[in-house]
**Student:** 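One structure is given below, represented as structure tokens, and several questions about it will come after.
Keep in mind it's a predicted model, so treat the numbers as computed, not measured.
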Amino acid sequence: MKRLLLSGLIAMFCITNSFAQEAGKVERKGIDGKVKYETVVSGYLADLNGKYKLRVSENTFQPGGFIGDHHHAGPGIRVITAGEFTLVEAGKTTILKAGDSFYEAGDVSIALQNRGKVPAVLLNFEILPVDWKGASNMPAKSKK
């Protein structure tokens, strides 16, 4: 079961990584982001060792700040540490507040906006191909 899950993750990364290299930019406004930590995966999951990295980034959305529909190069967990976000994922709208978290598979379209009057902060924990450079978001693929 574990090997099947790992194989699925690896296949998703390969497909998403090839798409990302051709992708344009995602519409965004009022966001400041910085990588807080990054390390190459190592440990008991030998199929992942040296092929992927874990990245933690902090993204601050000013009031009115947003990122339009997008996908990510890899899956990850997001944690709201300040403020409030409006998340639209697969057509469903959710309000997230400090202390809330959510999972992004990478291949599901999401958009995020700070509709509040104070900055909102999101910690982004994600798995990326080891050679990935720059932001991990990319325009959402259209469903055909």
**Student:** Mind listing the closest non-hydrogen atom pair of G33 and N59 along with its distance?
**Tutor:**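 The answer is CA-OD1, 3.5 Å.
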**Student:** Counting distance only, does the side-chain N/O of N49 pair as donor-acceptor with the main-chain N or O of G43 below 3.5 Å?
**Tutor:**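 Yes: the side chain of N49 pairs with the backbone of G43.
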**Student:** Side chain to side chain contact (heavy atoms under 4.5 Å, CB included) between H71 and S109: does it pass, once the steps are laid out?
**Tutor:** CA-CA 5 Å; H71 288 177; S109 178; 4.0 Å; yes
**Student:** Under 4.5 Å between any side-chain heavy atoms of E126 and R78, yes or no?
**Tutor:** yes
**Student:** Would you say the side-chain atoms of K53 pair up with the backbone N or O of W132, donor to acceptor, closer than 3.5 Å?
**Tutor:** yes
**Student:** To the nearest 0.5 Å, what is the distance between CZ on R55 and OH on Y37?
**Tutor:**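 With rounding to 0.5 Å, CZ (R55) is 13.5 Å from OH (Y37).
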**Student:** H72 versus N124: any side-chain heavy-atom pair under 4.5 Å?
**Tutor:**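 In contact.
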**Student:** So which heavy atom on A105 is nearest to which on V108, and how close?
**Tutor:**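 Heavy atoms only, the tightest pair is CB-CG2, 4.4 Å.
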**Student:** OG1 of T60 to CD1 of I31: how many Å apart, nearest 0.5 Å?
**Tutor:** 10.0 Å
**Student:** Using side chain to side chain contact (heavy atoms under 4.5 Å, CB included), reason through F66 and E27 one step at a time and then give a plain yes or no.
**Tutor:** CA-CA 8 Å; F66 70 90; E27 184 180 7; 3.7 Å; yes
**Student:** Answer yes or no: is there a side-chain heavy-atom contact under 4.5 Å between R28 and N137?
**Tutor:**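 The answer is yes, as the side chains (C-beta and beyond) meet within the 4.5 Å cut-off.
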**Student:** Please give me the minimum heavy-atom distance between F85 and L112, naming the atom from each residue.
**Tutor:**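 Closest approach of F85 to L112: CD2-CG, 3.6 Å.
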**Student:** At their closest point, which heavy atom of V56 faces which heavy atom of F125, and how far apart are they?
**Tutor:** CG2-CD2, 3.4 Å
**Student:** Which heavy-atom pair separates V40 from G50 by the least distance, and what is that distance?
**Tutor:** CG1-CA, 3.7 Å
**Student:** If we only count heavy atoms from C-beta on, is the V121 to E58 side-chain gap below 4.5 Å?
**Tutor:**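 With C-beta onward as the side chain, the pair touches.
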**Student:** If you define the side chain from C-beta out and look only at heavy atoms, does anything of L122 sit under 4.5 Å from F102?
**Tutor:** yes
**Student:** What is the minimum heavy-atom distance between I95 and D100, and which atoms define it?
**Tutor:**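 Taking every non-hydrogen atom into account, O-OD2, 4.2 Å.
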**Student:** Check whether any side-chain heavy atom of K51 sits under 4.5 Å from a side-chain heavy atom of V130, and report yes or no.
**Tutor:**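 When only atoms from C-beta onward are counted, V130 and K51 do not touch, as no gap falls below 4.5 Å.
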